[in-house]
Amino acid sequence: MTERELLAVACEQFLGKNVHEIKNVVLQTLEGHLRSILGTLTVEQIYQDRDQFAKLVREVAAPDVGRMGIEILSFTIKDVYDKVEYLSSLGKTQTAVVRRDADIGVAEAERDAGIKEAMYKKEMLDVKYLADTKIADSKREFELQKAAFSQEVNIKKAEAQLAYELQAAKEQQKIRLEEIEIEVVQRKKQIDIEEKEIVRTDKELIATVRRPAEAEAYRMQQIAEGEKVKQVLIAQAEAEKIRKVGEAEASVIEAIGKAEAEKMKLKAGAYQHYGEAAKMALVLECLPEIASKVAAPLAKVDEILILSGDNSKITGEMNRLLAEVPASVQALTGVDLTKIPLIQKATGVLA
């Protein structure tokens with residue numbers, strides 16, 4: 001023992017002894033108490049209940065060895081035997097009984113086990129079916145709940161996306177409005193600059209272009225007005241010239257007309273005085289022109305062929321054509337050429 005007083009007692013008991021001697025002292029003390037306990041128990045009690053036997057030994061021996069400063073921490077019975085094999089015979093009988101009971105117990109156990117196994121299988125199947133049903137229901141509920149959650153999540157995502165896009169559009173609109181304001185300010189500045197540039201350019205044009213142009217325009221206007229007056233005077237002179245020429249030409253035409261009228265008057269008087277002879281003279285003056293007009297189509301003919309083997313017939317045909325000329329002239333003019341002596345002689349010769 002480690003307590004100070006008990007450790008002093010152990011020193012008194014075992015001081016000067018070796019480990020083997022100490023073991024013998026303790027062993028003899030335990031054996032003495034073991035024999036005294038064996039006398040109070042039957043063989044069957046000792047054989048069948050060894051733990052109880054060891055417990056009694058430990059309880060009885062602990063005070064004695066404690067007074068020597070020794071503490072019993074553990075005490076067990078390894079084996080119980082005798083020299084006349086009483087315990088072994090007792091064990092055989094007990095073994096046979098145990099085996100019989102064991103076989104019966106095994107059979108009953110197997111029977112009960114079969115029954116219970118069937119019951120347990122049925123219960124297991126019932127539980128399994130119930131569990132499967134609950135699992136299916138739970139799975140269905142889970143899928144429905146999952147679908148509902150997914151739908152809700154998708155709706156929230158869509159709402160969030162729409163809100164984000166709307167906010168982005170608003171921010172973009174704000175940015176665009178600011179950009180437009182900046183552009184308006186820049187444009188106003190640009191307009192101011194352009195207006196100042198226009199004023200400067202206008203002044204420059206007035207100084208470099210407009211004033212010289214106005215002077216040149218005034219000069220050209222004066223030149224144009226001078227040209228206009230000149231053209232008016234020239235036109236008036238031309239008109240006066242044309243009027244004078246017209247009056248002169250009119251006087252000439254009037255004089256010519258009067259002369260022609262006087263001439264025609266004199267011719268008419270001569271024709272009236274001479275009668276048929278005058279008409280005959282007019283017809284004779286016109287005969288060459290009439291002949292030329294009649295022969296004009298024949299002038300376009302290159303060659304005339306008269307198919308006849310008798311020369312006398314050709315001559316006779318030509319004479320016949322010439323003899324028909326006075327009749328044609330009389331039909332056209334009413335003048336009988338056969339009454340003119342020269343024409344009468346020519347006709348007689350042709351005949």
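Looking at heavy atoms from C-beta onward, Glu183 lies in side-chain contact with Arg176 at the 4.5 angstrom threshold. With contacts defined as side-chain heavy-atom distances shorter than 4.5 Å, the pair Glu194/Arg187 qualifies. Proximity of Lys146 to Phe149: side-chain heavy atoms (C-beta onward) are nowhere separated by under 4.5 Å. Within the 4.5 Å cutoff, no side-chain heavy atoms of Val9 are placed close to those of Met68. A heavy-atom distance below 4.5 Å is found between the side chains of Ile72 and Leu30.
For the salt bridge (charged side-chain N to carboxylate O under 4.0 Å, His left out) test, residues two or more places apart in sequence or in another chain that qualify with Asp79 are Arg50. Under the salt bridge (charged side-chain N to carboxylate O under 4.0 Å, His left out) criterion, Glu195 pairs with no residue, sequence neighbours left out.
Between the side chains of Glu240 and Gln236, not a single donor N or O lies within less than 3.5 Å of an accepting N or O. Between the side chains of Gln167 and Glu171, a donor-acceptor pair is found at a separation under 3.5 Å.
Remark: side-chain polar atoms of Glu21 are paired, donor with acceptor, to backbone N or O of Asn18 under 3.5 angstrom.
Closest approach of Val25 and Lys17 over heavy atoms only: CG2-NZ, 4.4 Å.
A 6.0 Å sphere centred on CG of Leu15 holds no more than 12 heavy atoms belonging to other residues, nucleotides or ligands.
Salt bridge annotation for Lys196-Asp192: absent, with no cationic side-chain nitrogen under 4.0 angstrom from a carboxylate oxygen. The pair Lys228-Glu225 does not meet the salt-bridge criterion, since no charged nitrogen lies less than 4.0 angstrom from a carboxylate oxygen.
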